[in-house]
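Every chain is numbered from 1 and lettered A, B, ... according to where its sequence line falls, protein lines coming before strand lines. Given the structure is predicted, the values throughout are model-derived calculations rather than measurements.
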Amino acid sequence: MASKSEIVHAKKIFSILKKEYPSVKPALNYTNAFELLIATILSAQCTDARVNIVGESLFKKYRTPEDFFKVTNEELEKDIRSTGFYHQKAKSIKECSKILVEKYSGQVPADFDALTNLPGVGRKTASVVAGNAFGIPAIAVDTHVKRLSNILGFIHSDNPEKIEMKLKELLPEGDWINSSHYLAAHGRKVCIARRPHCLQCVLADECPSFNPESK
DNA sequence: CTCCCGATAT
DNA sequence: ATATCAGGAG
C-alpha cells in the first residue's frame, strides 16, 4: 500500500523529529495504567495541561475504580468540570470503573480490543493506554497527529482510523508508540494549528505545505 | 452526521 | 468573536 518513496519520506521526517525531541514522553501526568486511562478520557477536546491540573487533585481523591464508582455523578462532574464535556465524561468514567471492577477485578485490561469496548474509550484512548501503559504497539491519532499527517503529506484524510493505518504502513512497529508523541510535541510547539511557525520548523525542507510567509 | 462543552490563545 | 484543545457516543 505505502510506496517506497513514501516510506523514505516518513523515515526522514521521524529521524529529524527524534533528534529534535530526544526526551519525548506522554504529555499527560500519571502514575499507573488506571490514572492514564482516566486522564486520557478527560483529554477529549481539552488541553493536556488542563487535564494535568485537574488530575493532580482528582487522583488524590480517587485512587481506584471503586472510588469513582461510589461517588455521585454530580460530585464527579464538579471535580472534572473544567475539562469540558463533563456530563458525558463523568458518565463514561463511572460506567468504565464499574466494568473494571466487575469484569477485570479492578485492573485495566492490557488489550486493545478490551479497552475499546469500555464506555468512553475509542481507538485513540485505547492506543494511548495500550502503548504507554503496557508497551503494546499502537498509534494514537489525536488532533495533532491528524493535522500533521495531512500537512506533512503522509495522507490526505480526516478519518482517524485511515490515518492510523497509513502511519502503521509507513513506520516500523517499534516506532509506533513514539510516533504520535513526536507529532503531538511538534504540533504543540511549532506546527501549531492556528499559527504554524514554518520559518522555525526543522521539517521545512521535507514539508510539502511549507509556507515562506508563515512567520 | 450531530451533539457533548470549559478554558485559552488570537 | 472565533478557533482550538492527546474524542466518543447516539
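Distance noted for atom P between dA9(C) and dA7(B): 24 Å (whole Å). If you take atom C1' in dC5(B) and the same atom in dT4(C), they sit 13 Å apart, rounded to whole Å. Annotation: dG6(B) and dG10(C) have their C1' atoms spaced 22 Å apart (nearest Å).
Looking at every heavy atom in both residues, Thr83(A) comes nearest to Lys89(A) through O-NZ, 2.9 Å.
Backbone-only engagement by Leu118(A) is indicated by non-hydrogen atom pairs under 4.0 Å involving sugar-phosphate atoms exclusively. Residue contacts for Thr125(A): at a heavy-atom cut-off of 4.0 Å it reaches the sugar-phosphate backbone alone, with no base atom in range. As judged by a 4.0 angstrom heavy-atom cut-off over every strand, Val121(A) is placed among residues touching the sugar-phosphate backbone only. Among the atoms of the strands shown, only primed sugar atoms or phosphate atoms (P, OP1, OP2) are found under 4.0 Å from some heavy atom of Pro119(A). Across all strands, Thr40(A) comes closer than 4.0 Å to no nucleic acid atom at all (heavy-atom distances). Ala27(A) comes within 4.0 angstrom of a nucleotide base, judged by non-hydrogen atoms across all strands.
Under the 4.5 Å side-chain criterion, counting only non-hydrogen atoms from C-beta, Phe68(A) is in contact with Ile38(A). Within the 4.5 Å cutoff, no side-chain heavy atoms of Val128(A) are placed close to those of Asp142(A).
Both Ser43(A) and Lys91(A) lie close to DNA chain C; mapped to their nearest nucleotides by heavy-atom distance, the more 5′-ward contact belongs to Ser43(A). Between Pro26(A) and Thr116(A), the residue whose closest nucleotide on DNA chain C is further toward the 5' end is Pro26(A). Across the interface with DNA chain B, nearest-nucleotide mapping of Arg195(A) and Cys46(A) shows Cys46(A) to be the residue nearer the 5′ end.
Remark: Arg147(A) is in phosphate contact with dC5(C), judged by side-chain N or O atoms under 4.0 Å from OP1 or OP2.
Atom P of nucleotide dG6(B) and atom CG of Asn52(A) are separated by 20 Å, given to the nearest angstrom. Between Leu115(A) atom CG and dG8(C) atom C1' there is a gap of 15 Å when expressed in whole angstrom units. Whole-Å rounding puts the Lys189(A) NZ to dC5(C) P distance at 16 Å.
Take His186(A) and apply the ring-ring contact (aromatic ring centres under 6.0 Å, His included) test, not counting sequence neighbours, and it matches Tyr21(A).
Ionic pairing of Lys61(A) and Glu75(A) is present here: one or more N-O contacts between side-chain nitrogen and carboxylate oxygen are shorter than 4.0 angstrom. A salt bridge does not link Lys78(A) with Glu74(A): none of the charged nitrogens is closer than 4.0 Å to a carboxylate oxygen.
Minimum atom distance to the side chain of Arg50(A) is reached by dT8(B), of the listed dC5(C), dT8(B), dA6(C).
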Short heteroatom pairs, N/O only, protein and nucleotides 1-5 of chain B, under 3.5 Å:
| unit_1 | atom_1 | unit_2 | atom_2 | d |
| --- | --- | --- | --- | --- |
| dC4(B) | O2 | Gln88(A) | OE1 | 3.4 |
| dC5(B) | O4' | Phe85(A) | N | 3.0 |

Go through the steps for His87(A) and Glu77(A) under the test side chain to side chain donor-acceptor pair (under 3.5 Å), then give the verdict.
-> CA-CA 6 Å; His87(A) 187 72; Glu77(A) 284 180 12; 2.7 Å; yes
